[in-house]
Amino acid sequence: MDRLVTLIGGGGFLGRYVAQALLKSGVRLRIAERDPRDAWFLKPQGGLGQTQFVVADITRPASLAAAVQGADAVVNLVGILKGNFEAIHVAGARAVAEAAASAGAGAFVQVSAIGADPASASAYGRR
C-alpha cells in the first residue's frame, strides 16, 4: 500500500491513537502540527520512512496547502476547549477542507469532539 494520509493534529490526545492505527494499516503518514516536535514520539510506531512531520497551522492556510500536497486522504483532528472557537472549529476546519479539496485528496475526514448542534443551549455546542 502506498497511500499517503495527512493527519492534522496527529500528536494530540486523539491524534496519537489515530496515528497508531493508520501506521499499523501500512499507509505513509504525514503528521502536521504547529510544532512537529510535539509529535516526534510517534516516529518509532511506524516503519523506516513511514512517518513524516510537517509544520501546519489551521489558522494559516498557506501552511495547510504544503501539508496536504500529494495526500490521498486528509484527517483533521484539531480542536480546542477554550479560546477562539470560531477561528479553530469553523474557519480552521473550513481551511483544512478547502486545502484537501484543492490538493485533490480523495477523502477528507473532520473529527469534532464538541457534538456541535445549532440548537444547543451552550455557545460551545453551537460552534
S.K.: Grouping I, L, V, M, F, W and Y whenever their side-chain heavy atoms are under 4.5 Å apart, do Leu14 and Phe41 come out in a common cluster?
M.R.: yes
S.K.: Do Ile80 and Ile8 share a hydrophobic cluster (ILVMFWY, side-chain heavy atoms under 4.5 Å, transitive)?
M.R.: yes
S.K.: Can you see which heavy atom on Phe108 is nearest to which on Ala100, and at what distance?
M.R.: CD1-CB, 4.0 Å
S.K.: Judged by atom type as modelled, is there a donor-acceptor pair below 3.5 Å linking the side chain of Ser25 to the main-chain atoms of Leu22?
M.R.: yes
S.K.: Would you compute the distance between atom OG1 of Thr6 and atom CD of Gln52 and round it to the nearest 0.5 angstrom?
M.R.: 7.5 Å
S.K.: Taking all atoms of both residues into account, what is the closest heavy-atom pair of Ile58 and Ala93, and its distance?
M.R.: CD1-N, 4.5 Å
S.K.: Taking all non-hydrogen atoms of both residues, which atom of Ala65 and which atom of Ala99 are closest, and how far apart?
M.R.: N-CB, 4.4 Å
S.K.: Answer yes or no: are there more than 12 heavy-atom neighbours, outside Arg16 itself, under 6.0 Å from its atom CZ?
M.R.: yes
S.K.: Once rounded to the nearest 0.5 Å, what's the spacing between atom CD of Gln20 and atom CG of Leu29?
M.R.: 11.0 Å
S.K.: Provide the closest heavy-atom pair for Ala39 versus Gly11 in the form atom of the first, atom of the second, distance.
M.R.: CB-CA, 3.8 Å
S.K.: How long is the straight-line distance from CG of Leu7 back to CZ of Arg30, given to the nearest 0.5 Å?
M.R.: 12.0 Å
S.K.: With distance as the sole test, does Glu33 use its side chain to make a donor-acceptor pair with the main-chain N or O of Gly10 at under 3.5 Å?
M.R.: yes
S.K.: For residues Val109 and Val27: do they belong to one hydrophobic cluster (side chain heavy atoms under 4.5 Å, members Ile, Leu, Val, Met, Phe, Trp, Tyr)?
M.R.: yes
S.K.: Testing the basics here: between Asp57 and Leu64, what is the closest heavy-atom pair and its distance to 0.1 Å?
M.R.: O-CG, 4.0 Å
S.K.: According to a hydrophobic-cluster definition based on side-chain heavy atoms being under 4.5 Å apart (Ile, Leu, Val, Met, Phe, Trp, Tyr only), do Val55 and Val5 belong together?
M.R.: no
S.K.: Got a donor-acceptor contact below 3.5 angstrom from the Gln50 side chain to the Leu23 backbone?
M.R.: yes
S.K.: Do you know the tightest heavy-atom contact between Leu42 and Ala19?
M.R.: CD1-CB, 3.8 Å
S.K.: Just so I know, are the side chains of Phe13 and Leu77 near enough to count as touching, which here means a heavy-atom distance under 4.5 Å?
M.R.: no
S.K.: Give the ring-plane orientation class for Phe85 versus His89, where under 30° counts as parallel, over 60° as perpendicular and anything between as tilted.
M.R.: tilted
S.K.: Would you check if the side chain of Arg3 reaches a backbone N or O of Ala73 as a donor-acceptor pair within less than 3.5 Å?
M.R.: no
S.K.: Hey, could you give me the CG/CZ distance between Asp38 and Phe53, rounded to the nearest 0.5 Å?
M.R.: 11.0 Å
S.K.: Kindly compute the distance separating CZ (Arg60) from CZ (Arg34), expressed to the nearest 0.5 Å.
M.R.: 10.5 Å
S.K.: Going only through I, L, V, M, F, W and Y residues with side-chain contacts under 4.5 Å, is there a path from Val74 to Val54?
M.R.: no
S.K.: Please check if the side chain of Asp72 supplies one atom and the backbone of Leu4 the other of a donor-acceptor pair under 3.5 Å.
M.R.: yes
